[in-house]
Asker: 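For reference, the structure I am asking about is given below.
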Amino acid sequence: MYCYEHDKSCQDTFDLEMAKKTISAVLKQKTEGDTIINFHGGEPFLSFEKIKVLCEWVWGQNFPNKHLFFATSNGTLIHGEIQNWLAQHKEQFVVGLSLDGNKKMQNLNRTDSFDKIDIPFFVKTWPKQGVKMTVSQQTISDLADGVIFIHECGFVDIRTNLAEMTDWSDSKYLDIYRKQLRKLAQFYLEHPEIQPCSLFNVKFAGILNNDIRKWCGVGTEMQAIDIDGRRYPCHLFFESVCGKDKSKKAKSIDFRDPNQYISQVCGLCELLPICPTCYGSNYISRGKIGLRDPDLCKLNKIRFSEVALYQYQKIVNTDIAKLSNEERYNDLRTLEAIEKIHEVLDLSKLK
Amino acid sequence: MFDLLKLIQMKERLQLSLVCATELNYSYRDCYGCEGDCSGSCSGTCDDTCSGGCEGCGTNG
């Protein structure tokens, strides 16, 4: 059960035979790319017995399409038998852990669950897999400490984002966010051997080509299948999440049409090519997939200015002789982009 | 802190140091991420060398 679910009454899980039929139809067709089959909860491992039966059945079928099972988990149930089974199948089944920072942060966001997670198991079993770190209004003031804590746990890839569909309208968050990002930037400049969390992975060069990208596979590469077998653009469009009417209306959205996923206001923004969004959240909160949260917009701008400053500092202090040709090119493009937007981001005024 | 002049100087140094792409037999490219092939949970397994796709996903979990 997720916080964003509109209808929390449904306790059912997927039907095994229907799941076999659906997966079979997908994997029988050989495609160019691999297929990722994602179990999405609530907490998927509440249905471990069914997942186990389904996966082992799929692995016994020798389908021509290459595939991988995946689940995001809060980790609380992954012990004993489940751990053993996952360790045995770690190449075929990957679990991404939701870990929202240190003990205090995790317990604030996810009701006292920190001590129930075997963190070393995840680090050891899937060392390259990203950790999902959601930052809420309750935890933003500890953001930097939380990210550093996750680095210290041994995770390499930390995917941090501000919670969607929550209220960020209080202007105090702008200052808090900036201070936390500044603290993290300092940490990364002092520890260049550490791969920064995803907040710092802004590809500024996208601004130079004004590339309009879609940020996820909603309605195109991705299909979400509800427990009754109905298909949706993503799980945020399930009836249980956005309500019956909105779910029905979503069928008419053309997710390939940029006019649908870019609003008029955002279309005029120079930062659009680097500005991530969640189309499902937009649809639930504001009725259109392209209508973004104006409060997150302000926070994103803070992020871009702090990350631009960090990337600028990193590049201007680099020894060019130690860079590969491709790294030089990437750094050059980054600087060109930062030069182009430094006024929009007020970089010269930052202290 | 940010210094536009320093940025321009570094840009010029990088420009001068670049070896022509054709000599290296590859094309430069700007890399922005996985172009939307991440799975729904947004902590999916998108593992392109220039990962970054799926950011912004509102699945707070």
Side-chain angles (χ1 to χ4, degrees), chain A residues 2-4 33 36 38 40 68 70 72 74 94 96 98 129-132 134 159 161 163-165 198 201 203 205-206 208-209 211 213-217 220-222 224 234-236 276-278 280-281 309 312 315-316 320 325-326 328-329 331-333 335-336 338-339 342 347-348 350-351, chain B:
Chain A
Y2 268 106
C3 49
Y4 54 72
I36 297 170
N38 188 341
H40 192 77
L68 177 75
F70 183 85
T72 305
N74 62 27
V94 176
S98 293
Q129 174 55 40
V131 172
K132 170 86 172 140
T134 302
R159 301 174 186 194
N161 68 284
E164 290 268 354
M165 293 180 274
S198 61
N201 185 18
K203 307 285 184 187
L208 300 172
N209 301 338
D211 283 336
R213 58 177 286 188
K214 192 157 146 285
W215 286 88
C216 68
T220 50
E221 291 85 352
M222 183 169 74
C234 101
H235 51 279
L236 291 182
T277 193
C278 172
S281 302
L309 191 60
Y312 154 81
I315 294 171
V316 295
I320 292 178
N325 211 46
E326 192 161 4
R328 290 175 199 184
Y329 175 76
D331 283 356
L332 175 64
R333 297 290 279 169
L335 290 184
E336 283 173 349
I338 293 174
E339 183 182 11
H342 79 277
L347 289 189
S348 302
L350 291 183
K351 289 177 185 167
Chain B
M1 290 301 104
F2 184 73
D3 181 341
L4 185 59
L5 186 65
K6 211 168 166 184
L7 180 146
I8 292 167
Q9 286 167 346
M10 186 64 175
K11 228 177 63 177
E12 285 169 357
R13 287 175 56 214
L14 282 164
Q15 185 78 60
L16 288 170
S17 74
L18 273 175
V19 180
C20 177
T22 48
E23 284 177 35
L24 292 173
N25 200 24
Y26 74 86
S27 304
Y28 292 125
R29 65 193 181 119
D30 290 320
C31 194
Y32 312 121
C34 301
E35 299 301 337
D37 61 353
C38 293
S39 53
S41 75
C42 74
S43 52
T45 49
C46 175
D47 195 29
D48 193 21
T49 48
C50 51
S51 64
C54 273
E55 224 201 306
C57 174
T59 306
N60 303 326

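Every chain is numbered from 1 and lettered A, B, ... according to where its sequence line falls, protein lines coming before strand lines.
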Asker: Determine the minimum heavy-atom distance between A:I338 and B:F2, stating which atoms define it.
Answerer: CG2-CE1, 4.0 Å
Asker: If you round to the nearest 0.5 Å, how far is CG of B:L14 from CG of A:L335?
Answerer: 6.0 Å
Asker: Can you tell me how far CG of A:L332 sits from CD of B:E12, rounded to the nearest 0.5 angstrom?
Answerer: 10.5 Å
Asker: Should B:K6 and A:Y312 be marked as a side chain to side chain contact (heavy atoms under 4.5 Å, CB included) after you check the CA-CA gap, both sets of side-chain angles, and the distance that decides it?
Answerer: CA-CA 10 Å; B:K6 211 168 166 184; A:Y312 154 81; 3.6 Å; yes
Asker: So what's closer than 4.5 Å to chain A heavy atoms on B:L7: side chain, backbone, both or neither?
Answerer: both
Asker: Between B:K11 and A:E339, does any side-chain N to carboxylate O distance fall below 4.0 Å?
Answerer: yes
Asker: Under a 4.5 Å cutoff for heavy-atom pairs, which residue among B:L4, B:I8, B:D3 has the most contacts with chain A?
Answerer: B:D3
Asker: Provide the closest heavy-atom pair for A:L309 versus B:M1 in the form atom of the first, atom of the second, distance.
Answerer: CD1-C, 4.3 Å
Asker: Taking B:S17's backbone N and O only, do any of them form a donor-acceptor pair with A:R328's side chain (distance below 3.5 Å, no angle check)?
Answerer: yes
